[in-house]
Amino acid sequence: MSRIITVGAAQLGPIQRNDSRADVVERLCELMQKAHARSCDLVVFPELALTTFFPRWYMEDQDEVDTWFERTMPNNETQPLFNLATKLGIGFHLGYAELTQEDNETHRYNTAILVDKTGEIIAKYRKVHLPGHSEYDSNLSYQHLEKRYFEVGNLGFPVHRTMGGILGMCICNDRRWPETYRVMGLQGVEMVLLGYNTPAIGARTAESPHLRMFHNHITMQSGAYQNSTWVIGVAKAGNEDDHVLMGGSVIIAPTGEIVAQ
Ligand code: CDT
């Protein structure tokens, strides 16, 4: 029996530092409307889809850092997206910075959620492979401070039986590590949802944009092929606060072939 999930890879253009959450959510809603018009069951948004990629900025003031985080989900700003999803009967995947209180302690994660067609959050993933560094590095042409602002995710790589399939999630740099896909593959994953923010130009090396895009795709294609799973890789793209993100979103079949780009 065939089981079909129609998925929209909702690549986002840049989000500037001063863009409000409300404006960004409006853009997400427009993309969701388009996905619905094209009969999607599920729309996948990128990593940190509500803000600029703030780990490129060095900040010492924790109050300032925390302005980039969501304390609840949904919240006032994101509720319209949940409302629209429920109205349209479409699921979605969304990346954002999560601030949470657990065991009487504050924790901050680079997080993605999976929301079903009734608007209910049915799964959460917290990024495990945090790239970059935790202190200001003057040798770099820009900073990548995920290790400063986030803790390593504590939820592992579970899979979820939902929407007629077995779905898993990972975030950006996770895609470069075979164990990410393998842990989900051993649980029978059929579709990996993956958002990313990858600079078009390296901060340290003179790697060509072509090589960076090659590595972007080869890691996702090999993960798909070796684990016989679909991979939906969704980027942010374009000039964000004078830093160019590479884009290159893809839908990859279990054969490892890119079927949409
Ligand atoms: N967001 C993210 O994980 N980006 C990384 C680039 C890190 S460069 C220090 C990536 O793997 O694309």
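As the structure lists them, so they are numbered: ligands from 1, and atoms in each ligand from 1.
For atom 5 (C) of ligand 1, the closest non-hydrogen atom on the protein side is Cys172 SG, 3.8 Å. Among protein heavy atoms, the minimum distance from atom 12 (O) of ligand 1 is reached at Thr198 OG1, 2.6 Å. With respect to atom 3 (O) of ligand 1, the closest heavy atom belonging to the protein is Lys127 NZ, 2.7 Å. His144 ND1, 4.0 Å is the protein heavy atom nearest to atom 8 (S) of ligand 1. Distance from atom 11 (O) of ligand 1 to its nearest protein heavy atom, with residue and atom name: Arg176 NE, 2.6 Å.
Ion pairing of Glu30 with Lys34 is absent here, as no side-chain N (NZ or NE/NH1/NH2) approaches a carboxylate O to less than 4.0 Å. A salt bridge is absent between Glu98 and Arg71; no separation between the charged side-chain nitrogens and carboxylate oxygens falls under 4.0 Å.
The two residues Gly248 and Met213 make their nearest non-hydrogen contact at CA-CE, 3.8 Å.
In this structure, the side chains of Arg126 and Glu151 stay at 4.5 Å or more apart for every pair of heavy atoms. Between Leu99 and Asp66 the shortest side-chain heavy-atom distance falls below 4.5 Å. Considering only heavy atoms from C-beta on, Asn216 stays 4.5 Å or farther from Val250 through its side chain.
Using a 4.0 Å cut-off to heavy atoms of Arg175, the atoms of ligand 1 that qualify are 10 (C), 11 (O), 12 (O). Of all the atoms in ligand 1, the ones that sit under 4.0 Å from a non-hydrogen atom of Asn197 are 1 (N), 2 (C), 4 (N). Of all the atoms in ligand 1, the ones that sit under 4.0 Å from a non-hydrogen atom of Asn173 are 3 (O), 10 (C), 11 (O). Under a 4.0 Å criterion applied to the non-hydrogen atoms of Glu47, ligand 1 contributes the atoms 1 (N). Counting atoms of ligand 1 from 1 in the listed order, those under 4.0 Å from a heavy atom of Glu146 are 1 (N), 2 (C), 3 (O).
Using a 3.5 Å distance cut-off with no hydrogens or angles, the side chains of Thr78 and Asn75 do pair a donor with an acceptor.
By the criterion of a heavy-atom distance under 4.0 Å, the side chain of Phe53, and not its backbone, is placed next to ligand 1.
Applying side chain to side chain contact (heavy atoms under 4.5 Å, CB included) to Asp41 and the options Val7, Thr6, Ile4 leaves one that passes, Thr6.
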